[in-house]
There are 2 protein chains.
Amino acid sequence: MAKNASPSESARPGPARSLDLERVVDTAVALLDEGGSSALSVRAVAGRLGIQPNAIYTYVADRAALERAVVERVLSLADVGLLAGPARSWRRRLTDYASALRGVLLDHPGAAVLFMSAPMDGPSALFVGEGLVGLFMDAGLSPDDASRATYTVIVHVLGSVALEVAETDGRPPLAPESDRARDRYALLTQVPADVFPLSAATARTAAEWVTTAQFAWDLGLLLDGVAARAKARRRE
Amino acid sequence: MAKNASPSESARPGPARSLDLERVVDTAVALLDEGGSSALSVRAVAGRLGIQPNAIYTYVADRAALERAVVERVLSLADVGLLAGPARSWRRRLTDYASALRGVLLDHPGAAVLFMSAPMDGPSALFVGEGLVGLFMDAGLSPDDASRATYTVIVHVLGSVALEVAETDGRPPLAPESDRARDRYALLTQVPADVFPLSAATARTAAEWVTTAQFAWDLGLLLDGVAARAKARRRE
DNA sequence: ACCTGAACACCGTTCAAGT
DNA sequence: ACCTGAACACCGTTCAAGT
């Protein structure tokens, strides 16, 4: 999981760095990482940068724009190069990138919710989209189906991480997923087996909904669907 | 799309209704429906009920509990009976329920984000889970795979609605999806075709990512995957 | 159990002003 | 362009008190 401090935060020679949007975003991500999603505020960012709250509006139109900038930053941490092919199989490329993106989001759980509320409209989103469409065309889908499959995967990765993070306090590092699954299992054994027999019988599996294994299973299901469509298209 | 006023909000004979959790949740949903997700606050609910802000804590432990109660309420508006079988095919039952749930969420877009941040832990979630596991077992999956597929579908419905709503102001009724797709298309035609050729070529389809058609396509892909796994299992 | 009154430590944002 | 000072209209939550 990418554990890189953002570039402008790292030690560097020369004069004291001036305040710019990158530094504002660095600070926003740092706050999120220290206190979870509720720790991000315009005032907290300003406070940490030693300026007045309203001075933030020099760099960002409003809180929503700050959140979009955070989304862009975190998205940029997952290497889109993993999507490029076709040296590796399209399936491998997709699972590699999806896992990388999930990893980056789990490294910054406080930012995960923002992906569901602040539309991804930055440059990174375009590169991700372009890479995914190309990958699914490599897989044999029509351009239109490749576009649709792109969105399916985006929804799935972002949705599953957001739901996973929602069960935590949002502060990294998250508890090991085995611990979180164990806690879920303890809760799930409380459900009355007489009224929810199937849930009771599958509690072990439901406990693992918020794990890498479930994530991989979901992706496999999706990609089987993609492969089937590609195969059907070749037969046409 | 279910357009039912919540029961305790409808006219009823008898003495003035007393203040209880149901009325608090009614009010919370009403605020969300009038002002979008940002309109929900402990103070606003109290204000509308004519009590002091802190009096809300008689009914709810904190804001998070209020949000979970809203999630439970909205979830309860989608008829879980649609999952029950097996008179109708499992595929039909699933698409019917998924569409109903999506419809209810789009009717209350301000609540959609809450599903990604406030874990569904109420009774309705249990009934939905039980119904989905049963449905996927009817489809021919093993109990464990039925549990996994249940989560895949939940992630997908909640994730896709949240992303769809994120592009709106969150106040119902949402603009017709054809309008929203048209606006997206206008934006997408701005992307430089030389650096994002595939995105440019599929802009028409990407514009429709936030529509019922895309939702149905996604579900179809998922269910094809499910059918393939069920078939493989029968051959074992 | 259900509510008020008062307070604490916060929010995002605007406006006018200074350099 | 970048920042301060002051203000406005908000937040969630706690505590002590009243019925």
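What you see is a predicted model, and the numbers here were worked out from it, not measured in a lab. Naming: A, B, ... by sequence-line order, numbering from 1 per chain. All values below were derived from every heavy atom in this structure, side-chain atoms included, with hydrogens, water molecules and symmetry-related copies excluded.
Checking D:dT13, D:dT4, C:dG12 against every side-chain atom of A:V42, the shortest atom distance belongs to C:dG12. Closest to the A:D62 side chain, of the nucleotides C:dT13, D:dT13, D:dC11, is C:dT13. Checking D:dG12, C:dC11, D:dC2 against the side-chain heavy atoms of A:Y59 singles out D:dC2 as nearest.
Looking only at side-chain heavy atoms (C-beta outward), B:R184 and B:E167 come within less than 4.5 Å of each other.
Across all strands shown, B:R63 has heavy atoms under 4.0 Å from sugar-phosphate atoms exclusively, and none from any base.
For D:dC11, the OP1/OP2 oxygens have a side-chain nitrogen or oxygen of B:S41 closer than 4.0 Å.
With a 3.5 Å ceiling on both atom-pair distances, the Watson-Crick or G-U wobble partner of D:dA1 is C:dT19. The partner of C:dG12, taking Watson-Crick or G-U wobble pairs whose two distances both stay under 3.5 Å, is D:dC8.
One interatomic measurement links the two molecules: CZ of A:R23 to P of D:dC3, which rounds to 10 Å at whole-angstrom precision. Taking atom CD1 on A:I51 and atom C1' on D:dA1, their separation rounds to 13 Å, with Å as the unit. In this structure, A:D20 atom CG and D:dC3 atom C1' are separated by 15 Å, rounded to whole Å. Rounded to whole Å, the distance from CD on B:Q52 to P on D:dG18 is 17 Å. Taking atom CG of B:L49 as the reference point, atom P of C:dC3 lies 9 Å away to the nearest angstrom. Across the protein-nucleic acid pair, A:I56 atom CD1 and D:dT4 atom C1' stand 14 Å apart, rounded to whole Å. The distance from atom OH of A:Y57 to atom C1' of C:dC15 is 13 Å, rounded to the nearest whole Å.
Counting only N and O atoms by type, the side chains of A:S41 and A:R63 include no donor and acceptor under 3.5 Å apart. A donor-acceptor contact closer than 3.5 angstrom links the side chains of B:E177 and B:T212.
Of all heavy-atom pairs spanning B:R68 and B:P119, the tightest one is CD-O, 3.8 Å.
Comparing the same atom, C1', in D:dA9 and in C:dC10 gives a spacing of 13 Å after rounding to whole Å.
Residues A:R43 and B:L40 each lie close to DNA chain D; by heavy-atom proximity, the contact nearer the 5' end of the strand is made by A:R43.
Using a distance-only test at 3.5 Å, with no hydrogens or angles considered, no donor-acceptor pair links the side chain of B:W209 to the main chain of B:E164.
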